[in-house]
Participant: 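One structure is given below, represented as structure tokens, and several questions about it will come after.
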Amino acid sequence: MTTSIHNPQLRLLNALRANNKPIMTFMGLPSFRTAQVIAQTGVDGIIIDCEHGHISDDSMHSAVAAIAAMGVSPLVRLRGTHSDLVKRALDAGAHGIVVPQINTAQEAEAIVSSAKFPPQGLRGQGSAFPGFALGIDTPTYIKTANETLITCVQIESNAGVQNVDAICAVPGIDLVFIGPNDLALSVLGYVPAKGDEPEFVDAIEKIATAAGKHGKWVGRLSNSGASAKEHLKVFDTVAISYDIRAIQDWYKSELQVARS
């Protein structure tokens, strides 16, 4: 986990350190205003979804700035593991990255190397934008980034579960996040999981146990407030639903009332 340097702008990190069980959500719509609307709801962090969402590089930059300006932590879920994607997200000012489909310790080590400035990694410096999102100047950003930005990897495959102890042992990994849908596809062969399948339950328990053993935070997706409340009894953080699903669910619910 990251160490004790404190910046009040780092809402998600500070909540994790204090064991305050922060709640995040996913954003898949490419809108500065959508980012503002979600950020004022009370969430602690917003994961800008460049993997499955309709988020371009420009939209990612705009969303990071809008979310950070509201006092909420923007994280960026990358569409892959390439070092250029890590650089672009962090240079936009993201408070951290979420990297999907990490299956080996070697892949986790490569992510850490891309996310950290020397001597811990190989990240280059050339952007003035990150400091804007943290309320600090560039020299302070360079000095503190390695210890204050969240490097999160997703375990969402059978291979990831088999290698989870080695993945969690990698220095510089702060948070391990479970993608239950992809995990169910890999472990069970179908989605959504009912949630009580022995193979699925065992996989989640292995991930949570390995994270705890190696001092990493662990989180997961929750599809509702009720499930989030239950999950937070076990996990350090959750991401509750998705902006797209939230809009759909509201309209479906209200249309059903209107047409009844």
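For the single chain, residues carry numbers from 1 onward in sequence order.
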Participant: Under 3.5 Å, side chain of Ser227 to main-chain N/O of Ser224, donor-acceptor pair present?
Facilitator: yes

Participant: Apply salt bridge (Lys or Arg N to Asp or Glu O under 4.0 Å) to Asp44 and list each qualifying residue two or more places apart in sequence or on a separate chain.
Facilitator: Arg11

Participant: Look at the side-chain heavy atoms of Ile, Leu, Val, Met, Phe, Trp and Tyr, link any pair under 4.5 Å apart, and say whether Val64 and Phe32 land in one connected group.
Facilitator: no

Participant: Hey, could you give me the CD1/CD1 distance between Ile46 and Ile67, rounded to the nearest 0.5 Å?
Facilitator: 4.0 Å

Participant: With sequence neighbours excluded, what pairs up with Glu51 under the salt bridge (Lys or Arg N to Asp or Glu O under 4.0 Å) test?
Facilitator: Arg77

Participant: Give the minimum heavy-atom separation between Ile155 and Val161, together with the two atoms involved.
Facilitator: CG2-N, 3.8 Å

Participant: When you measure from the side chain of Thr41 to the backbone of Val37, do you find a donor-acceptor pair of N or O atoms at a distance under 3.5 Å?
Facilitator: no

Participant: Answer yes or no: is there a donor N or O on one side and an acceptor on the other, between the side chain of Ser73 and the main chain of Leu12, under 3.5 Å?
Facilitator: yes

Participant: Check whether any side-chain heavy atom of Asp174 lies under 4.5 Å from a side-chain heavy atom of Lys216, and answer yes or no.
Facilitator: no

Participant: Quick check for you: to the nearest 0.5 Å, what is the distance between Gln106 atom CD and Ile102 atom CD1?
Facilitator: 11.0 Å

Participant: Hydrophobic clusters here meaning ILVMFWY residues chained together by side-chain heavy-atom distances under 4.5 Å, can you tell me if Leu185 and Val187 are in one?
Facilitator: no

Participant: Going by heavy atoms in the side chains, are Val112 and Glu109 under 4.5 Å from each other?
Facilitator: no

Participant: With ring pair (Phe, Tyr, Trp, His ring centres under 6.0 Å) as the rule and sequence neighbours excluded, what pairs involving residues 156-201 come up?
Facilitator: none

Participant: Do the side chains of Ile47 and Val76 get nearer than 4.5 Å, heavy atoms only?
Facilitator: no

Participant: Taking only residues two or more places apart in sequence or in another chain, which ones pass side chain to side chain contact (heavy atoms under 4.5 Å, CB included) with Ile55?
Facilitator: Pro30, Ile48, Cys50, Ser59, Met60

Participant: Is it the case that one hydrophobic cluster holds both Val234 and Met24, taking links as side-chain heavy atoms less than 4.5 Å apart, direct or via other members?
Facilitator: yes

Participant: Show every donor-acceptor pair shorter than 3.5 Å between a side-chain atom in residues 248-260 and any protein atom, with sequence neighbours excluded, or say none if there are none.
Facilitator:
residue, atom, partner, partner atom, Å
Ser260, OG, Val257, O, 2.7

Participant: Roughly how far, to the nearest 0.5 Å, is the SG atom of Cys152 from the CG atom of Leu75?
Facilitator: 7.0 Å

Participant: If you group Ile, Leu, Val, Met, Phe, Trp and Tyr by side-chain heavy-atom gaps below 4.5 Å, do Ile247 and Tyr242 land in one group?
Facilitator: yes

Participant: Backbone N or O of Gly219 within a donor-acceptor pair of the Thr237 side chain at under 3.5 Å?
Facilitator: no

Participant: Under 4.0 Å between a side-chain nitrogen and a carboxylate oxygen: does that hold for Asp91 and Arg123?
Facilitator: yes

Participant: Is it the case that Asp165 and His214 place a side-chain donor and acceptor less than 3.5 Å from each other?
Facilitator: yes

Participant: Do Arg220 and Ile204 come within less than 4.5 Å of each other through their side chains, counting heavy atoms only?
Facilitator: yes

Participant: Under the 4.5 Å side-chain heavy-atom rule for ILVMFWY, direct or indirect, which residues accompany Ile240?
Facilitator: Ile23, Leu232, Val238

Participant: Do any side-chain atoms of residues 83-90 form donor-acceptor pairs under 3.5 angstrom with protein atoms, and if so which ones, sequence neighbours left out?
Facilitator:
residue, atom, partner, partner atom, Å
Arg88, NE, Asp57, OD2, 3.4
Arg88, NH2, Asp57, OD2, 2.6
Arg88, NH2, His61, NE2, 3.4

Participant: Strictly by ring pair (Phe, Tyr, Trp, His ring centres under 6.0 Å), give each pair with a member in residues 77-121 just once, sequence neighbours left out.
Facilitator: none

Participant: Test your reading of the model: is there a side-chain donor-acceptor pair from Asn7 to the backbone of Gln9, 3.5 Å cut-off?
Facilitator: yes

Participant: What pairs of donor and acceptor atoms, side-chain ones from residues 131-140 against any protein atom, are under 3.5 angstrom apart with sequence neighbours left out?
Facilitator:
residue, atom, partner, partner atom, Å
Asp137, OD1, Thr140, N, 2.9
Asp137, OD1, Thr140, OG1, 2.6

Participant: Can you list everything that forms a side chain to side chain contact (heavy atoms under 4.5 Å, CB included) with Asn223? Sequence neighbours excluded, please.
Facilitator: Leu221, Arg245

Participant: Is the shortest heavy-atom distance from the side chain of Ile167 to the side chain of Ile173 under 4.5 Å?
Facilitator: no

Participant: Under a 3.5 Å cutoff, is there a donor and acceptor pairing between the side chains of Asn103 and Ser157?
Facilitator: yes

Participant: Is Ile142 linked to Leu13 within one hydrophobic cluster, defined over Ile, Leu, Val, Met, Phe, Trp and Tyr using a side-chain heavy-atom separation of less than 4.5 Å?
Facilitator: yes

Participant: I want to check something: taking the side chain as every heavy atom from C-beta on, are Ile207 and Leu183 in contact at a cut-off of under 4.5 Å?
Facilitator: yes

Participant: For Lys194, which residues count as a salt bridge (Lys or Arg N to Asp or Glu O under 4.0 Å) partner, sequence neighbours excluded?
Facilitator: none

Participant: I'd like to check Glu199 versus Leu188 (side-chain heavy atoms, cut-off strictly below 4.5 Å). Are they in contact?
Facilitator: yes

Participant: Considering non-hydrogen atoms only, spot the tightest contact between Ser222 and Ala228 and give its length.
Facilitator: OG-CA, 3.5 Å

Participant: Are the side chains of Thr34 and Asp243 in contact, using a 4.5 Å heavy-atom criterion?
Facilitator: yes

Participant: Quick one: list whatever passes salt bridge (Lys or Arg N to Asp or Glu O under 4.0 Å) with Glu205, sequence neighbours left out.
Facilitator: none

Participant: Taking Asp182's backbone N and O only, do any of them form a donor-acceptor pair with Ser186's side chain (distance below 3.5 Å, no angle check)?
Facilitator: no

Participant: Under 6.0 Å from the NE2 atom of His52, do we count more than 12 heavy atoms belonging to anything else shown?
Facilitator: yes

Participant: Taking the side chain from Asn14 and the backbone from Leu10, do they hold a donor-acceptor pair closer than 3.5 Å?
Facilitator: yes

